[in-house]
Amino acid sequence: MELGYACINLSLPDKTTNRTMRLATFKKQGLPYASKLALANVQDLVSIIEWNEQNNIRLFRMSSNIFPWQSAYELEELPDYLEIRATLEKAGALAAKYGHRITTHPGPYNVLSSPNKNVVDRTLRDLRDHAIIMDIMGLSNTPYNKINIHVGGVYGDKTKALETWCRNFELLPANVKSRLTIENDDKLSAFTTQDLLYIHKNTGIPIVFDYHHHSLNTGGLSEQEALEIACSTWGDITPACHVSEPRDTQNPRAHHDYILKKINTYNKNIDIVLECKKKDVALLHYRSLHNS
DNA sequence: CCAGGTCAAGGGAGT
DNA sequence: ACTCCCTTGACCTGG
């Protein structure tokens with residue numbers, strides 16, 4: 001089992017892969033500035049991977065903000081493209097050398113279940129953009145290096161939304177399809193682990209089990225039952241799961257700073273991304289609590 | 001330099 | 001109608 005964290009390293013305050021800009025700035029400064037930010041982001045990605053190795057962390061979710069306004073251009077158009085590409089290749093080579101599992105989690109605006117063509121088109125573009133970065137890094141074309149998303153909207157008819165999702169899945173390029181995974185939701189109206197089996201059966205892609213989301217939307221399954229269903233969809237690849245704790249009772253969906261409770265893996269070999277505000281600090285804290 | 005207001009995107013829930 | 005929440009707070013302006 002590997003423990004990992006998401007997107008931000010708090011132990012390296014000067015290193016970030018999230019430099020971005022607002023639309024007004026992008027319009028004013030354009031590709032040269034986007035290029036400058038992206039180059040700094042990928043350089044810091046290398047530093048974070050090195051730090052992860054030094055701290056025995058071999059699972060890491062990359063930020064989706066490495067390239068500001070990526071949907072507005074092709075990477076080759078960036079003035080620093082060659083250096084950016086070389087740096088990404090270096091980051092990927094380091095991850096390979098150290099045996100790190102690198103994943104991504106594109107945002108909630110990726111909605112393959114949408115009845116709106118523009119929304120689906122933007123989703124196809126964003127997912128493609130994630131795959132391009134992962135390709136440059138030389139990450140595997142499998143869910144070991146997952147591109148993980150949620151289903152999206154229900155629109156009052158879960159079955160129909162799932163059908164739409166599967167239909168739109170077929171529009172994705174091969175380098176996305178081969179990496180894509182689907183995660184259970186935390187809202188009662190949305191998709192449970194059981195619901196996601198429909199997608200797995202129709203597309204073959206694995207299910208990412210989120211412990212916290214499950215606790216808010218069990219679909220009548222126990223934690224162990226749902227985890228085992230999700231794990232059964234992964235074949236030879238170590239299943240990836242997400243763990244977080246609620247911020248407080250008023251805000252049960254928001255994430256807590258740390259993970260306090262010991263995670264029950266039910267004797268399964270799974271990799272776990274911790275989702276909490278304190279990131280890498282919380283991971284080291286969890287290890288100190290539970291000696292894992 | 002810092003605090004505070006503002007910021008692309010979809011959808012749903014709470015106020 | 002507005003705010004918060006999710007994959008992740010970061011940007012930018014005015015003082």
Does atom NZ of A:K90 have more than 12 heavy-atom neighbours, drawn from other residues, nucleotides or ligands, at distances under 6.0 Å?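 Result for NZ/A:K90: open.
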
Near A:K177 NZ, under 6.0 Å, is it more than 12 heavy atoms from other residues, nucleotides or ligands?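 Yes.
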
Using the [atom1] atom as the point on both nucleotides, what is the distance between [M] and [N], in whole Å?
N     : M     : atom1 : answer
C:dT7 : B:dC1 : P     : 36 Å
C:dA1 : B:dA8 : P     : 22 Å
B:dA9 : C:dC2 : P     : 15 Å
C:dC4 : B:dT6 : P     : 12 Å
C:dT8 : B:dC2 : C1'   : 23 Å

What pairs of nitrogen or oxygen atoms, one from the protein and one from nucleotides 7-9 of chain C, lie under 3.5 Å apart?
residue : atom : partner : partner atom : Å
C:dT7   : OP1  : A:H150  : NE2          : 2.5
C:dT7   : OP2  : A:H213  : NE2          : 3.1
C:dT7   : O3'  : A:R61   : NH1          : 2.8
C:dT8   : OP1  : A:R61   : NH1          : 3.3
C:dT8   : OP2  : A:H255  : ND1          : 3.4
C:dT8   : O5'  : A:K279  : NZ           : 3.4
C:dT8   : N3   : A:N65   : ND2          : 3.1
C:dG9   : OP2  : A:K277  : NZ           : 3.1

Assess the side chains of [X] and [Y]: does a donor N or O sit below 3.5 Å from an acceptor N or O?
X      : Y      : result
A:H255 : A:E245 : no
A:Y5   : A:N52  : yes
A:D195 : A:T192 : yes
A:H256 : A:S244 : no

Step-by-step side-chain contact (heavy atoms from CB on, under 4.5 Å) determination, A:N148 to A:I182: CA-CA 6 Å; A:N148 177 58; A:I182 195 78; 5.5 Å; no

Please find out if less than 6.0 Å separates the ring center of [X] from that of [Y].
X      : Y      : result
A:H213 : A:H150 : yes
A:F209 : A:H242 : no
A:Y286 : A:Y258 : no

Less than 4.5 Å apart, side chain to side chain, heavy atoms only: is that true for A:K28 and A:Y33?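 Counting from C-beta outward, A:K28 and A:Y33 never come under 4.5 Å.
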
For the residue pair A:R179 and A:N141, establish whether any side-chain heavy-atom pair is separated by less than 4.5 Å.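 They are in contact (side-chain heavy atoms under 4.5 Å apart), so the answer is yes.
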
Go ahead and write out DNA chain C as dot-bracket, 5' to 3': ( ) for pairs within the strand, [ ] for ones crossing earlier pairs, | when the partner sits on another strand, dots for unpaired; Watson-Crick or G-U wobble, both distances under 3.5 Å. ||||||..|||||||

Using side-chain hydrogen bond (donor to acceptor under 3.5 Å, both in side chains), reason through A:D44 and A:T17 one step at a time and then give a plain yes or no. CA-CA 6 Å; A:D44 285 355; A:T17 62; over 6 Å; no

Test item: A:T193 side-chain N/O and A:A226 main-chain N/O as donor-acceptor pair under 3.5 Å: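 Here the side-chain-to-backbone pair does not exist.
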
Can you tell me if A:D210 uses its side chain to pair, donor with acceptor, with the backbone of A:H212 under 3.5 Å?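 At least one qualifying donor-acceptor pair exists.
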
Considering only NZ, NE, NH1 and NH2 on the basic side and carboxylate oxygens on the acidic side, decide whether A:E50 and A:K97 come within less than 4.0 Å.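 Result for this pair is no, no salt bridge flagged.
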
Hey, mind stepping through A:N217 and A:D185 against side-chain hydrogen bond (donor to acceptor under 3.5 Å, both in side chains) and telling me if it holds? CA-CA 7 Å; A:N217 182 25; A:D185 286 302; over 6 Å; no

Bounds of contact between DNA chain B and chain A, in 5' to 3' order, using a heavy-atom cut-off under 4.0 Å: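 Extent of the interface on DNA chain B: B:dG5 to B:dA13.
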
Measure CG/A:N217 against P/C:dC6 and give the value in whole Å, please.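 After rounding, the reported distance stands at 15 Å.
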
Which residues within [range] lie with some heavy atom under 4.0 Å of an atom in DNA chain B?
range                       : answer
residues 114-127 of chain A : A:S114, A:V119, A:R122
residues 67-76 of chain A   : A:W69, A:S71
residues 28-56 of chain A   : none

Categorize A:G152 for me: base, sugar-phosphate, or nothing, with a 4.0 angstrom heavy-atom threshold over every strand shown.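 Nothing: the residue A:G152, judged by heavy atoms under 4.0 Å, touches no strand.
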
Is there a side-chain hydrogen bond (donor to acceptor under 3.5 Å, both in side chains) between A:N18 and A:S63? Walk through the geometry before answering. CA-CA 7 Å; A:N18 292 304; A:S63 163; 2.5 Å; yes

